Each structure stands twice: as C-alpha cells, then as structure tokens.
Amino acid sequence: MTLPLRVLVAKVGLDGHDRGVKVVARARRDAGMDVIYTGLHRTPEEVVAAAVQEDVDVVGVSILSGAHMTLIPRLAALLREADADAALVVGGVIPDEDIPALKAAGAADVVLQDAPPDEVVRRVRDAAPQRAR
Amino acid sequence: MFDPDEIERIRQAREAWEASELREFLARQPEARTEFRTGSGLPVQRVYTPADVAGTPFDAIGLPGQYPFTRGPYPTMYRGRLWTMRQIAGYGTGEDTNRRFRYLIEQGQTGLSVDFDMPTLMGYDSDDPRALGEVGREGVAVDTLDDMEALFAGVDLERISVSMTINPTAWILLAMYVALARRRGLDLDRLSGTVQADILKEYVAQKEWIFPIRPSMRLMRDMIVFCADHMARYNPINISGYHISEAGATSVQEVAFTMANGIAYVEEVTRSGVPVDRFAPRLAFYFVAQADFFEEVAKFRAARRIWARIMKERFGATRPESMRLRFHCQTAAATLTKAQPLNNVVRTALQALSAVLGGAQSLHTNGLDEAYAIPSELAMKVALRTQQIIADETRVTSVVDPLGGSWYVEALTSDVEREVLAILARVDAMGGTIRAIEEGWFQREIAESAYQFARRKAAGEQVVIGVNRHVEPPEPSPVEIHRVDPEVEARQVARVQAVRRRRDGARVEALLERLVAVARDPAANLLPVTIECVEAGATLGEVVARLRDLWGSYVERPVF
C-alpha cells in the first residue's frame with residue numbers, strides 16, 4: 001500500500017486571491033492527498049522552509065499578482081538549494097508565453113484558470129516524483 | 001397588494017391552466033430540467049402571477065426616491081442624470097496611469113477610479129524587499145504625495161469624482177488626496193469621490209490586510225468621522241459585496257455579508273458618540289453584476305429595501321438620506337473566460353444591463369481581456385462603449401425601475417430579502433459580524449459556495465460557453481495584451497528614494513513619533529496627523545511600519 005501523496009499548497013506574493021487555491025486544496029484533499037495550506041502572502045523562503053519541514057512530494061503554488069516571473073524562479077532555486085525532492089506545480093493567471101520560461105526555471109507543470117478540479121488533481125499526481133505515485 | 005377575491009380568482013385560473021393546457025403540453029414535451037433555480041440556488045417557478053406578490057404591500061415597493069427606496073435612490077434616476085461611467089485604471093507609475101486617465105476622459109468617461117499595486121495596497125514601499133516583482137503591476141504604485149501629484153496631474157478634482165480602490169492603507173491615501181487638494185488650494189467640501197476602505201470584507205473575502213481587526217475598525221471610524229466633518233460630498237467607504245462574490249459567494253450571500261459589514265461600521269461609529277444621521281448619508285455600497293440577469297436586478301432592489309429598513313429600524317436614522325442605499329457596480333470578472341475572449345464582451349453587456357435596470361449610480365464594465373491581463377486600451381474602450389450603447393441607444397433609461405411590478409422580479413426581490421434577513425439573524429445569533437469573522441464563518445461559507453460552483457462547472461451543470469460547452473481549440477488572443485514596462489520598478493524605486501533624500505528627515509521622524517502617540521489614544525482621530533506626515537514627505541511604508549510595530553499584524557487561520 002502506498003502512502004497518500006503529501007502536497008503543500010502555497011500562496012506567494014502579496015495578492016489575496018485565494019478562491020482558486022482553496023478549491024484546489026479541497027479537491028486534492030477529497031482525492032485522498034495529505035494537504036497542507038500555508039495561507040496567504042508567503043515569501044518563497046517561507047514556502048521552501050515549510051516544504052522541507054513537511055517533507056512533501058509536491059509544492060503547489062498559486063499566484064495571480066503577475067509577479068510569477070520574479071517569484072517562481074526564486075522559489076525553484078531555493079527548493080534546489082534545500083535539496084528538496086518535491087515537484088513544483090504552478091497555478092493562477094499566467095500568460096501563455098511565460099509558461100516555457102517557468103518550466104525552464106524548474107516548474108514541473110503550469111495549470112491555468114478554468115482547469116477543472118479533477119484535472120488539477122491528475123496533473124499534480126503526474127508531476128509528483130516517481131517514489132510518491 | 002390586490003383585492004383578495006381577485007387573487008383567489010387568479011389562483012383558480014392558474015390551477016385550471018396547470019390541469020389542462022400545461023399538463024397536456026408537458027405530456028408531449030417535458031421541460032429541460034425537473035427544477036429551475038437562480039444563480040444563488042433559489043427555486044423559481046414556471047410562471048408568476050399577481051398571486052405571487054399578494055403578500056407584498058405596495059408600500060414595500062413604493063416610488064423611487066422614497067422609503068424604502070426599492071425602486072431607486074432618486075425620484076428621476078437616469079432621466080435626470082445617467083450613472084457615472086467609471087472605468088478603473090492603474091498600472092506603472094503615477095505618470096503612466098495619468099495617461100490612461102486622460103485617454104478615458106477623452107473617450108467620454110465621467111468619473112475616475114484608481115487601482116493601486118499590491119505593495120501600495122499592503123503597505124510596503126516600492127523599494128521594500130516584499131515589493132519585488134509587484135511594483136506597478138496590478139495597479140499604480142504610490143509611495144509618497146509626489147506620486148499622487150503625478151497621478152492626478154491636469155485632472156480637475158472639483159469637477160471629476162475619483163474613486164480609490166484601497167483598503168488597509170486607505171486612510172493614508174485619503175490623507176494624500178486631502179494633502180494634494182490643499183496644495184492646489186481646493187475646497188475640500190467640493191471634492192466628490194469614494195475611498196473603498198472596507199476592511200471587513202478583506203478579512204472575509206479579498207484577503208488584503210495589515211493590522212488586526214480592532215485597530216482596523218478604529219481607522220474606519222476615523223475616516224468616516226473625518227469625512228463627515230470636512231468633506232461634505234466624499235464617500236469615506238464603499239461597503240463592498242463585489243469581492244465577496246468574486247471569492248465565490250452567491251448573490252444572496254453577497255448582499256447578506258455586505259449588510260452584516262455595514263451594520264458593524266455603523267455600530268463602530270455610533271459607539272464613539274457620533275449620531276447616525278451625521279455620517280450615514282455618505283456610506284456608499286459596491287456590488288457585482290453577476291450572470292443571473294433577473295436575480296441581479298432583484299438583488300439590487302432588495303439591497304436598497306433591506307438597508308433602508310436596517311437604518312430606520314435598527315439604528316433609528318431619521319433622515320431619508322441615511323436610509324438611501326447608493327451603489328457602484330462592476331460586472332463579474334470571475335465570469336470572464338480566457339477561451340474565446342470576444343464572448344466576454346457579450347457577457348459584460350448583459351451584466352451591465354442588469355446593473356442599469358437595477359439602478360446603479362456608477363458602473364465599471366470589465367475589459368474582454370480581464371481573465372488574463374490588465375486591460376489593454378482597446379479592451380477598456382470597448383467596455384466603455386458598451387455602457388454608452390446602453391445609455392444612448394437602448395432607451396432603457398427612459399423609465400425608472402422598468403422591471404418594478406414584474407410579478408417575477410417583485411417575488412424574487414422578496415425572496416432575496418427574506419434569505420438575506422435569515423443570514424443576518426444567524427450572524428446576530430453568533431454575536432455579530434466581527435465575532436463571525438474571527439470564527440471564520442463567512443470565510444467557510446464562501447469557500448463552500450466556491451467549491452460547489454467549481455464542481456457544478458466541472459460537471460457541466462453550470463454552463464460556461466467556450467469552457468465546458470462549445471469548446472474550440474485555443475487560438476491566439478485577438479486583442480494585444482497590456483505588457484508591463486520592465487523599467488517601472490527601477491523608476492519607482494529611484495523616485496521614492498529621491499523623496500527620502502530631499503525631505504527634512506528630522507521633521508518626518510518627529511511627525512512619525514507623533515503619529516504613534518496619537519494612535520495610542522483610541523479616542524483620537526488619526527487623519528490629521530497622517531495628513532501632516534504625508535505633507536512632510538513620509539512614505540506610505542513608513543507610516544504603516546510604525547503602526548504595525550504598535551498594533552501588530554493580522555494572522556488568518558485559513559479554512560478550506
């Protein structure tokens with residue numbers, strides 16, 4: 001029997017849009033994952049510290065402030081520095097043309113608005129490291 | 001409202017119709033669904049008759065400009081003066097947004113509305129590490145009075161009304177606005193406009209906060225009282241349902257939670273000894289226009305009736321102006337889709353029409369690119385033209401409350417009112433609005449509605465054209481999207497640092513110390529000393545930091 005997937009759900013940046021992140025957090029919980037939600041307005045440093053401490057398989061980050069090109073590469077670099085073996089999945093309002101750069105910076109997947117909850121769950125599972133699937 | 005014998009005759013006629021024509025028809029052709037509901041989940045009937053409004057006395061509907069204001073706050077409504085067309089704008093530096101303002105005024109816009117960037121909303125200067133990547137992105141960056149000057153350069157503030165979407169730092173922006181007006185030698189009593197300043201809906205829905213609830217409520221009181229004393233035409237608050245709806249609440253919850261917040265503000269100010277009729281006439285509201293057309297019209301009408309009764313019966317207001325709900329309206333951004341973005345123009349037009357038929361005092365129509373970017377100039381122009389077409393081509397403005405008297409709309413207005421009053425009774429039973437916020441009650445209710453909506457959308461029960469029905473392969477957007485100038489952050493950082501070098505540092509320091517001293521006295525009003533601080537060149541981030549040291553920060557226990 002495999003252990004449930006452990007997922008950290010995080011909001012980085014200063015925006016307070018948490019409708020999507022809460023729906024996604026609940027969908028993952030309903031799908032049997034262990035979900036830890038950081039709450040709002042977190043810095044990349046705080047998110048990575050929580051990811052390490054909670055030993056999660058996936059870090060799901062929601063951002064709707066437009067600051068993703070600054071905050072996501074920074075978060076990915078901090079995860080690498082911390083040697084955290086967790087996949088980074090990004091969600092929110094993100095222009096299509098920014099997606100390749102986010103993936104190049106270390107995001108395993110970028111899930112946009114209008115993705116139904118079940119699709120988000122599936123893509124989080126797919127992004128998780130092999131050991132956790 | 002009607003003769004009881006006549007109502008009985010209508011009831012019988014309806015029963016006969018159901019037994020004959022309807023029954024035969026349904027046998028041949030069943031309806032598409034077994035039950036029909038509004039966006040909020042209220043059941044709706046197949047058809048309405050006078051029997052459905054028999055319990056509503058005419059006095060509850062009345063005439064426009066008259067208690068309980070169901071039909072509108074003014075007797076002539078749009079026959080006298082159209083709603084204010086107020087497209088929100090904000091990006092980059094004060095100069096950048098000022099250019100967009102001038103463009104919108106040139107296009108026939110009649111009021112201004114400012115969106116601030118996240119650091120300004122959250123109380124960080126542009127050179128604070130927390131501001132990195134966010135400066136001038138979702139709105140305009142304002143650190144000091146200099147930025148405010150650039151923002152309104154060439155705009156006649158005695159002629160055009162200005163609304164500012166700002167909350168935890170609202171009192172600082174209000175102080176800057178006053179300081180700017182004084183610098184220009186303007187009469188404060190002639191300034192019209194609104195500062196959003198509705199902090200309670202931040203804890204509930206929009207989630208941009210700084211201080212704990214108690215000191216935040218004190219700031220609310222200070223703004224409301226300052227404006228009552230010095231700014232006769234200025235609205236010190238926009239009690240907002242919009243964000244509650246965008247966070248996932250139904251329309252019924254939107255009105256109920258907004259009213260609960262309004263009640264808390266009135267209690268806060270009256271508790272300090274200010275009579276209700278001194279400040280209540282300047283309390284303004286802000287609602288969304290959602291997708292369910294008739295429910296929205298009914299919602300606006302119900303909100304006016306509920307507020308009028310709350311003010312009269314609960315708070316003993318005696319001036320009609322204290323009971324008269326006025327509101328700004330914005331079409332629902334969360335209904336817009338990234339797929340097939342031109343469809344958003346149609347969605348927005350229908351939502352805007354419900355706002356006009358519901359009697360809005362000012363209106364923002366969303367840009368068609370709102371689902372994925374800050375609106376481009378073209379998107380904003382189409383949105384403004386949508387309002388102008390409603391105003392000048394459809395003739396819906398000729399008659400006040402044209403849907404009043406529709407058996408459906410009147411019945412739905414009463415249904416919305418009843419549901420809202422039931423929620424308000426629950427909030428009272430919980431010990432009031434602030435207690436319910438502290439317990440996460442509103443937050444949980446909203447998250448639950450948002451989750452149910454997402455499930456219905458995923459199941460296809462909640463149809464979204466282009467997303468779960470009539471889906472097409474993605475195509476590049478037909479509208480060029482607004483790009484943030486990458487140099488903005490550096491320019492704005494240089495600017496705030498230049499102000500810090502130029503000002504009299506000792507004087508600023510002394511004023512910031514006085515700010516803290518005034519803050520320690522809960523009976524004192526913080527506005528006058530804040531105005532002095534910004535006049536001397538204190539930054540927004542400095543003012544906030546001093547008070548954060550004193551009051552601490554709000555910490556949410558998230559629920560999902």
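Every chain is numbered from 1 and lettered A, B, ... according to where its sequence line falls, protein lines coming before strand lines. These numbers come from a predicted model, not from an experiment.
Heavy-atom distances place no part of Pro474(B) under 4.5 Å from chain A, backbone and side chain included. If you measure heavy-atom distances from Glu556(B) to chain A, the contacts under 4.5 Å come from the side chain alone. In this structure, chain A has no heavy atom under 4.5 Å from any part of Val555(B). Only the side chain of Glu97(A) comes within contact range of chain B, with at least one heavy atom under 4.5 Å from a heavy atom of that chain. Of the atoms belonging to Leu112(A), it is side-chain heavy atoms, and not backbone ones, that fall under 4.5 Å from chain B. Interface remark: Lys338(B) contributes backbone and side-chain atoms alike to the contact with chain A (heavy atom separation under 4.5 Å). Contacts between Ala371(B) and chain A at a heavy-atom distance below 4.5 Å involve backbone atoms as well as side-chain atoms. Contact of Glu202(B) with chain A is not made at all, since no heavy-atom distance falls under 4.5 Å.
Shortest non-hydrogen contact noted between Gly39(A) and Pro558(B) is CA-CG, 4.0 Å. Closest non-hydrogen pair, Ala67(A) versus Gly133(B), comes out as CB-O, 3.2 Å.
Chain A forms the most heavy-atom pairs under 4.5 Å with one residue out of Arg130(B), Gln206(B), Met122(B), and that residue is Arg130(B). Counting heavy-atom pairs under 4.5 Å between each of Val559(B), Asn468(B), Val135(B) and chain A puts Val559(B) at the top. In terms of heavy-atom pairs under 4.5 Å with chain B, the best-connected choice from Gly20(A), Pro116(A), Ala25(A) is Ala25(A). Annotation: maximal heavy-atom pairing with chain B below 4.5 Å, among His41(A), Arg29(A), Gln113(A), His17(A), occurs at His41(A).
Residues Glu138(B) and Ser65(A) have side chains that never bring a donor and an acceptor to within less than 3.5 angstrom of each other.
Using a cut-off of 4.0 Å between Lys/Arg side-chain N and Asp/Glu carboxylate O, Arg26(A) and Glu448(B) are scored as salt-bridged. Of the charged side-chain nitrogens involved, none lies within less than 4.0 Å of a carboxylate oxygen, so that Asp15(A) and Lys207(B) do not count as a salt-bridged pair. A salt bridge is defined here as a Lys NZ or Arg NE, NH1 or NH2 lying under 4.0 Å from an Asp or Glu carboxylate O, and Arg455(B) with Asp118(A) meets this definition.
Residue Asp18(A) holds its CG atom at 11.5 Å from CZ of Phe560(B), rounded to the nearest 0.5 Å. Once rounded to the nearest 0.5 Å, the distance linking OH of Tyr451(B) with CG of Asp30(A) reads 3.5 Å.
Side-chain contact between Leu14(A) and Leu121(B) is absent, with no heavy-atom pair separated by less than 4.5 Å. Counting only heavy atoms from C-beta outward, the side chains of Lys22(A) and Ile446(B) never approach each other to under 4.5 Å. Looking at heavy atoms from C-beta onward, Thr70(A) lies out of side-chain contact with Glu134(B) at the 4.5 angstrom threshold.
Panel note: side chain Arg19(A), backbone Ala447(B); no donor-acceptor pair is recorded below 3.5 Å.
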